[in-house]
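Below is one structure, written out as structure tokens; the observations come after it.
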Amino acid sequence: MTRAFDKVKNDPNRIIIFDTTLRDGEQSPGCSMNLEEKLKMAVLLDDLGVDVIEAGFPIASPGDFEAVNEIAKVVKNATVAGLCRAKQADIEASGNAIKPAGSKRIHTFISTSPLHMKYKLKMGPNSVIEAVHESVTLARGFTDDVEWSAEDASRTEDDFLCQCVETAINAGATTINIPDTVGYAIPEEYGRQIKMLFERVPNIDKAIISTHCHNDLGLAVANSLAGVENGARQVECTINGIGERAGNAALEEIVMTLRTRHDALPYKTGIDTTKITKTSRTLSTITGFSVQPNKAIVGANAFAHASGIHQDGMLKNNQTYEIMTPESVGLKESKLVLAKHSGRAAFKSKLEELGFDLSEQAFQDAFVRFKALADRKKQIFEDDLIALVEDEVIRENETVRFVSLQVQAGSKGPQIAELCVKVEGEEKCAKVEGNGPVDAIFKAIREIMPHEDARLQLYQVHAVTGGTDAQAEVTVRLEEGGKTVNGQGADADTLVASARAYIHALNKLLTKRESMNPQTAGDMAAP
Ligand code: KIV
Ligand code: ZN
């Protein structure tokens with residue numbers, strides 16, 4: 001039997017957290033990640049304690065296959081799942097991609113609602129039932145951990161859904177997922193559907209029932225919890241709730257609700273909640289998808305108390321206005337760590353403490369930048385070091401490297417950028433006028449390295465710490481031929497950070513190897 005099955009068997013109130021950040025999340029517009037970024041996220045998710053990591057959709061492209069395959073090699077504890085349609089080539093691609101994983105799952109799906117069967121699949125109910133049986137049977141040839149999903153389940157007729165679920169379990173599926181694909185359900189209705197399956201499907205005890213709720217009406221978390229209350233023991237979710245359209249149920253909200261309201265919802269997960277903040281922040285830095293300030297659990301204001309009455313209450317007893325502590329989600333004050341006179345040894349030991357292992361060259365470059373930063377900024381916080389070093393790390397293998405920038409700006413104009421970069425070791429410079437300093441910088445990069453087909457989709461700046469001398473962290477998103485890349489840059493000078501971010505995105509564009517598999521590109525629209 002599968003690992004998830006054992007966990008629930010040993011504790012009937014254990015909820016399996018199935019994370020689909022790298023699949024449903026990653027396939028949504030603007031959230032695409034390269035291999036390195038997916039691996040970084042997979043390691044963080046494993047560390048966070050998710051039970052299953054859905055690593056991607058291997059048939060979608062060679063890049064997707066490679067990502068699932070590489071994730072399967074690095075994940076230590078979680079089960080690694082690959083998604084596939086009910087098609088032989090898809091299932092084989094998934095089976096092959098997840099092979100290196102210690103614990104592997106194939107997740108196969110087909111639509112079951114009248115609307116999807118008629119217009120999308122152009123298949124009748126009998127053919128769908130046949131496809132369910134064949135796909136699960138084929139998947140079982142690769143692993144005994146097979147999940148079957150009824151796409152658009154919440155708009156599927158009860159009788160037909162029961163028939164499909166029974167067929168999938170008979171063919172060997174050990175997890176049955178009931179997606180609210182279009183985010184249409186309301187909690188009472190979704191809960192009823194899960195309950196109905198327990199009442200009517202004769203072999204239901206041989207599988208774990210799973211929720212997969214989209215957030216089109218803002219009900220994804222409420223629907224998932226209604227599913228749990230009616231017997232579901234797996235919840236599919238994503239970090240920061242990223243995903244198709246309005247997104248998926250947010251992992252952090254599900255987990256913290258179960259923890260905070262254990263009195264009413266007596267279920268538990270294997271998540272180390274103190275790692276939630278770090279995972280959330282890393283994802284938004286990588287994707288450039290910032291979290292709205294008032295977002296539950298991970299928003300910048302989630303633990304901020306602004307009104308006088310609330311602050312007064314908090315000073316008297318923090319339970320007056322705090323239902324969970326910031327520490328419980330890993331939110332800490334950024335610590336003051338180093339100053340101008342700190343030497344190489346102190347810098348090295350702090351980096352080790354923060355978990356960085358830099359090459360000699362990257363360490364030397366980071367130290368030079370730290371000294372320059374310390375000259376400008378009296379107090380260097382942990383977050384400053386993390387931004388600076390991460391900036392250095394992402395630049396290690398860049399073809400185009402930032403060298404220097406001089407900008408003329410201000411109300412009188414013209415705004416001029418004088419930029420020098422190294423392209424494969426050779427220095428190239430350009431002096432360009434623009435509509436504002438950022439425009440001038442980006443034009444200068446385009447003059448040195450023409451890339452006419454790429455469009456700027458996002459330019460976003462945020463301060464790493466408080467204060468006017470805070471470092472700026474900039475994200476730039478470029479789109480070319482329907483593919484997007486995100487670049488990041490950090491510096492005490494916002495314009496330098498902007499140049500670094502654009503150059504980072506450009507390097508990603510240059511090295512982008514992923515290309516859609518022409519065989520599947522047409523019908524690969526995200527499930
Ligand atoms: O939303 C959905 O129906 C899906 C399935 C493939 C699980 O993402
Ligand atoms: Zn989905």
Side-chain angles (χ1 to χ4, degrees), residues 4 16-29 31 52-60 64 68 79-87 90-91 93-94 105-117 119-121 128 131-132 135-136 139 145-156 160-161 164-165 168 173-185 190 193-194 197 207-221 223-224 227 232 234-251 254 520 523-527:
I16 301 297
I17 295 294
F18 177 113
D19 181 276
T20 182
T21 305
L22 296 173
R23 198 279 296 171
D24 218 330
E26 202 265 347
Q27 74 190 22
S28 61
C31 279
V52 185
I53 295 174
E54 186 161 55
F57 193 9
I59 194 76
D64 275 58
V68 176
T79 296
V80 177
L83 182 71
C84 43
R85 293 166 298 181
K87 295 186 177 201
D90 280 45
I91 295 166
S94 255
R105 174 179 295 191
I106 290 184
H107 177 192
T108 181
F109 71 97
I110 192 165
S111 293
T112 52
S113 68
L115 205 69
H116 275 220
M117 289 195 292
Y119 294 104
K120 194 181 109 169
L121 297 178
V128 168
V132 172
S135 56
V136 173
D145 188 346
V146 174
E147 171 170 336
W148 177 77
S149 281
E151 192 185 2
D152 206 16
S154 55
R155 294 192 297 174
T156 299
F160 187 59
L161 188 61
C164 289
V165 169
T174 48
T175 300
I176 298 291
N177 185 32
I178 306 298
D180 180 25
T181 303
V182 289
Y184 179 73
Y190 188 71
Q193 194 176 35
I194 301 288
L197 292 172
I208 291 174
I209 303 302
S210 169
T211 68
H212 178 110
C213 298
H214 280 269
N215 205 29
D216 299 66
L217 295 173
L219 293 171
V221 169
N223 285 336
S224 308
Q234 175 175 288
V235 174
E236 302 199 353
C237 45
T238 59
I239 300 292
N240 297 343
I242 66 166
E244 277 294 306
R245 306 178 307 278
N248 290 59
L251 179 147
I254 298 280
T520 53
D523 60 349
M524 199 49 66

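Start at 1 and go down the list; that is how both ligands and their atoms are numbered. For the single chain, residues carry numbers from 1 onward in sequence order. Just so you know, these numbers come straight off a predicted model, no measurement behind them.
- Of the options Arg23, Arg245, Glu244, the smallest heavy-atom separation from atom 8 (O) of ligand 1 is shown by Arg23.
- By the 6.0 Å contact criterion, CZ on Phe160 is enclosed, its count of non-hydrogen atoms from other residues, nucleotides or ligands being greater than 12.
- Paired with Ser149 under the rule side-chain hydrogen bond (donor to acceptor under 3.5 Å, both in side chains), one option of Thr112, Asn177, Thr181 passes, and it is Asn177.
- Metal site remark for the Zn ion (ligand 2): Asp24 contributes an N, O or S atom at a distance under 2.8 Å.
- Partners of Glu236 by salt bridge (Lys or Arg N to Asp or Glu O under 4.0 Å), not counting sequence neighbours: none found.
- At least one N or O atom of Thr181 sits closer than 3.5 Å to an N or O atom of ligand 1.
- Looking at ligand 1, you won't find any N or O of Glu151 less than 3.5 Å from one of its N or O atoms.
- Residue-ligand proximity, Ser149 to ligand 1, at heavy-atom distances under 4.0 Å covers atoms 7 (C).
- Scored by the salt bridge (Lys or Arg N to Asp or Glu O under 4.0 Å) test, Asp180 finds no partners at all (sequence neighbours excluded).
- Closest approach of Ala93 and Ile59 over heavy atoms only: CB-CD1, 4.0 Å.
- Of the polar atoms of Asn177, none of the N or O atoms is found under 3.5 Å from an N or O of ligand 1, judged by distance alone.
- Residue His214 has at least one heavy-atom neighbour below 4.0 Å for each of these atoms of ligand 1: 1 (O).
- Between Phe57 and Phe109, the ring planes are tilted. Angles from 30° to 60° get that label.
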